[in-house]
Visitor: 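Quick one: the structure is below, questions incoming.
Starting from 1, each residue takes its place in the sequence as its number.
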Amino acid sequence: MAVIEVADLTKTYGGHTALDGVSFTVEDGEIFGLLGPNGAGKTTTVECVEGLRRADSGTVRVLGLDPVRQGRELRRRIGVQLQRAHLPDTLRVREALDLYASFYPSPRNLGELLAEWGLEDQREVMFGKLSGGQKQRLFIALALVGDPRVVFLDELTTGLDPQARRAIWELVRQLRDGGVTVVLVSHFMDEVAALCDRAAILDRGRIVAEGTPGELIYGSGAHSALSFRTIEELDLSALAELSSVTRVERCAETVVVSGTGSVIDEVTALLARNRIVVSNLRIHERSLDDAYVAITGRGR
């Protein structure tokens, strides 16, 4: 069942079209990623869905509610962690949670929330004294104070070290496993690949690709490659004639074959049919990064 439905969303600023017919759905209990280059329309899309910005046209429903006409009711049922957020340096963790809890009729148990997000020992610590990872944990905890069914997380691990990022990832998975639907806006392809059940790529105000991370990778035309050494002479033209192969080259004693689609399966099948023995076989799989560049035609 879809908990978020977006249809033909448009938004312009002056002469600039930020959103040009954006449509997608988010299913109940999934982690849905929203990707795209800077200026692609990600933040505008999320703000329209959250009810923080009014679209020029199109429709948005979140949990069956219109974010503009029924914004007050909707905000009681969603949580939002903004890309740029800050609290007064002297505000203590407990005070921040108490403040946010006062906004909701039935807030979460704050002790349980502190324990879930590893902030018990920081209960009386001022915001300005928290580490980067602790601040991110606090912002997510604040987004969850109202016990939301849907939570929006915007660039939640920017600036964190690898260990802190992976700890946050595990907590986000636990959110999903607990029945919370998560919309994740991210620039990090490894983060999306690790967390998201599905994702959509925005470019120049349009959805240009959507699917599971695997579907985005294998449907993008992004290249894979494999390299190997052969004991006997190999006719490279036979490899070049395979439908999925785009390039074959020999580097000293190593053959490197690049291609799209089922290139790895086709090349290994050809080697097996011709009983060609190879050594040092290495497969260089395409990644979501490769797919992203292939789909958008540019880096992040």
Side-chain angles (χ1 to χ4, degrees), residues 29 31-34 38 42-43 46-47 49-52 71-72 74-196 300:
I31 301 176
F32 183 85
L34 197 58
N38 290 330
K42 303 186 299 298
T43 298
V46 170
E47 289 179 347
V49 174
E50 295 165 345
L52 300 177
R72 182 183 295 271
L74 178 62
R75 282 188 285 276
R76 293 177 178 176
R77 302 171 67 184
I78 66 173
V80 178
Q81 176 257 327
L82 298 173
Q83 180 179 358
R84 293 179 180 86
H86 196 75
L87 294 170
D89 283 344
T90 57
L91 188 68
R92 300 181 189 278
V93 169
R94 171 187 51 80
E95 294 171 335
L97 286 166
D98 285 339
L99 174 63
Y100 274 63
S102 69
F103 302 153
Y104 298 94
S106 301
R108 286 278 308 276
N109 180 286
L110 300 188
E112 292 178 358
L113 203 54
L114 285 166
E116 284 177 17
W117 290 87
L119 292 168
E120 285 180 303
D121 293 342
Q122 285 75 43
R123 180 189 298 264
E124 298 299 329
V125 176
M126 292 185 292
F127 178 79
K129 300 294 184 180
L130 297 176
S131 69
Q134 290 166 345
K135 288 178 179 178
Q136 289 297 70
R137 287 171 182 263
L138 175 58
F139 285 133
I140 298 171
L142 293 174
L144 299 175
V145 164
D147 198 18
R149 281 191 57 196
V150 180
V151 64
F152 297 85
L153 304 176
D154 195 344
E155 303 291 354
L156 81 163
T157 62
T158 297
L160 300 187
D161 62 66
Q163 185 175 1
R165 291 182 70 218
R166 293 180 185 276
I168 294 289
W169 291 357
E170 184 54 37
L171 292 168
V172 173
R173 292 189 189 99
Q174 291 175 22
L175 267 184
R176 186 263 315 277
D177 294 343
V180 178
T181 301
V182 179
V183 177
L184 176 68
V185 181
S186 180
H187 275 94
F188 300 116
M189 297 302 109
D190 61 335
E191 184 164 275
V192 173
L195 292 179
C196 293
R300 281 167 277 149

Visitor: When rounded to the nearest 0.5 angstrom, what is the spacing between CE in Met126 and OG1 in Thr90?
Guide: 7.0 Å
Visitor: What heavy-atom pair brings His86 and Asp89 nearest, and what distance separates the two atoms?
Guide: NE2-OD1, 3.5 Å
Visitor: Would you compute the distance between atom CG of Leu119 and atom CG of Leu110 and round it to the nearest 0.5 angstrom?
Guide: 11.5 Å
Visitor: Quick check on the 6.0 Å ring-centre criterion: do Phe32 and Phe152 meet it?
Guide: no
Visitor: Any donor and acceptor pair, going by atom type alone, linking the side chain of Gln81 with main-chain N or O of Asp154 inside 3.5 Å?
Guide: yes
Visitor: Inspect the contact between Arg173 and Asp177 and indicate whether a charged nitrogen and a carboxylate oxygen are less than 4.0 angstrom apart.
Guide: no
Visitor: Which residues pass the side chain to side chain donor-acceptor pair (under 3.5 Å) test with Asp190, sequence neighbours left out?
Guide: Arg165
Visitor: To the nearest 0.5 Å, what is the distance between CG on Leu130 and CZ on Phe139?
Guide: 9.0 Å
Visitor: Closest approach of Thr181 and Gly29, non-hydrogen atoms and distance?
Guide: OG1-N, 2.7 Å
Visitor: Please list all pairs passing the side-chain hydrogen bond (donor to acceptor under 3.5 Å, both in side chains) test where one or both residues lie in residues 128-153, with sequence neighbours left out.
Guide: Ser131-Gln134
Visitor: Which atom names give the shortest non-hydrogen contact between Ile78 and Glu50, and what distance separates them?
Guide: CD1-O, 4.1 Å
Visitor: Give the minimum heavy-atom separation between Cys196 and Leu184, together with the two atoms involved.
Guide: SG-CD2, 4.0 Å
Visitor: The criterion is side chain to side chain donor-acceptor pair (under 3.5 Å); which residues satisfy it with Glu191, sequence neighbours excluded?
Guide: Thr157, Trp169, Ser186
Visitor: What's the shortest heavy-atom distance between Arg123 and Gly111, and which atoms?
Guide: NH2-CA, 4.5 Å
Visitor: Which pair of non-hydrogen atoms, one from Val172 and one from Ile31, has the smallest distance, and what is that distance?
Guide: CG1-CD1, 3.9 Å
